[in-house]
Amino acid sequence: MQSWGWDEIMQQQFLSMQWAARQRSYSLQYPAAEQLILHHREEKVGQALVDRSDGKLTLVDIAVLPAYRRQGFGTAFIRKLQADAENASMSIHLSVLPDNPALRLYERTGFIRNDSGSLHIQMVWSPAPAS
C-alpha cells in the first residue's frame, strides 16, 4: 500500500474497512463459526475460524503470523482438527486459492481436491473408515 502513495492513516482506514467486510461476510456465511487463537507456549502465533455445523467441519480461515510460519504450527493445528473430526466422525472441508502456499500444507495433511470448477479449489479430508 505504501507503493500506492497512501499515508499511514489511509492505509489503516483501508485495512480496517477490509477487516470489517471480511468479518461481516464470514458471520453471514458461518454464523456458528468459532474464532480460535493459535498459541505456542504463551505466544499468539495465529488464528483460525472453524464452523462445525451441517454435519461437517469447515476450516473457514487459518492464518499464522509471518514470524511463526514454516515452523509446524499450521500442521499441528490441522492435525488437531483432524483428530477432533475423526472423533466426531466428520469430514473437514475448506477452499483455497490455487496460488496460496497453504495448498501444499493441505495436500501434505491428506486433503483431497474435491472440486476446482470455481476460483477456489474445494478440498475435503475424511477420517479413515473403521476396520
Result block: side-chain N/O donor-acceptor pairs under 3.5 angstrom for residues 64-71, not counting sequence neighbours:
residue : atom : partner : partner atom : Å
Y68     : OH   : E43     : OE1          : 3.2
R69     : NE   : V64     : O            : 2.7
R69     : NH2  : V64     : O            : 3.1
Q71     : NE2  : A67     : O            : 2.8

Side chains of residues 85-93: which donor-acceptor partners sit under 3.5 Å, not counting sequence neighbours?
residue : atom : partner : partner atom : Å
N87     : ND2  : A83     : O            : 3.3
S91     : OG   : H93     : NE2          : 2.8

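Between T58 and L49, every side-chain heavy-atom pair lies at or beyond the 4.5 Å cut-off. Using a 4.5 Å cut-off on side-chain heavy atoms (C-beta onward), Y106 and L94 make contact.
Side chains of R79 and T109: a donor-acceptor N/O pair is absent below 3.5 angstrom, by distance only.
Atom OG1 of T75 sits about 9.5 Å away from atom CD of Q82, to the nearest 0.5 Å. Distance CD/Q13 to CD/E8: 11.0 Å, rounded to 0.5 Å. How far CG of L119 is from CG of L97: 5.5 Å, rounded to the nearest 0.5 Å. Rounding to the nearest 0.5 Å places CD1 of I78 at 5.0 Å from CG of L59.
Screening residues 90-105 for salt bridge (charged side-chain N to carboxylate O under 4.0 Å, His left out), with sequence neighbours left out, gives no hits. Applying the salt bridge (charged side-chain N to carboxylate O under 4.0 Å, His left out) test to every pair with at least one member in residues 29-40, sequence neighbours left out, gives these pairs: E34-R52.
Heavy atoms from other residues, nucleotides or ligands lying under 6.0 Å from CD1 of I9 number 12 at most.
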Test V50 against L81 for side-chain contact (heavy atoms from CB on, under 4.5 Å), laying out the working first.
CA-CA 9 Å; V50 177; L81 206 58; 4.1 Å; yes
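Contacts of K80 classified as side-chain hydrogen bond (donor to acceptor under 3.5 Å, both in side chains), with partners at least two apart in sequence or in another chain: D84. For H39, the ring pair (Phe, Tyr, Trp, His ring centres under 6.0 Å) test picks out no residue, with sequence neighbours left out. Residues meeting the side-chain contact (heavy atoms from CB on, under 4.5 Å) test with L103, sequence neighbours left out: V96, E107, R113, I121, M123. In this structure R41 satisfies the side-chain contact (heavy atoms from CB on, under 4.5 Å) test with no other residue, sequence neighbours excluded. A search for side-chain hydrogen bond (donor to acceptor under 3.5 Å, both in side chains) contacts involving D61 returns R22, Q47, not counting sequence neighbours. For the salt bridge (Lys or Arg N to Asp or Glu O under 4.0 Å) test, no residue two or more places apart in sequence or in another chain qualifies with K56. Remark: S53 pairs with D51 by the side-chain contact (heavy atoms from CB on, under 4.5 Å) rule, at least two apart or across chains.
A donor-acceptor contact shorter than 3.5 Å links the side chain of Q11 to the backbone of W6.
In terms of hydrophobic clustering, with Ile, Leu, Val, Met, Phe, Trp and Tyr side chains grouped at heavy-atom distances under 4.5 Å, V124 and F77 are assigned to different clusters.
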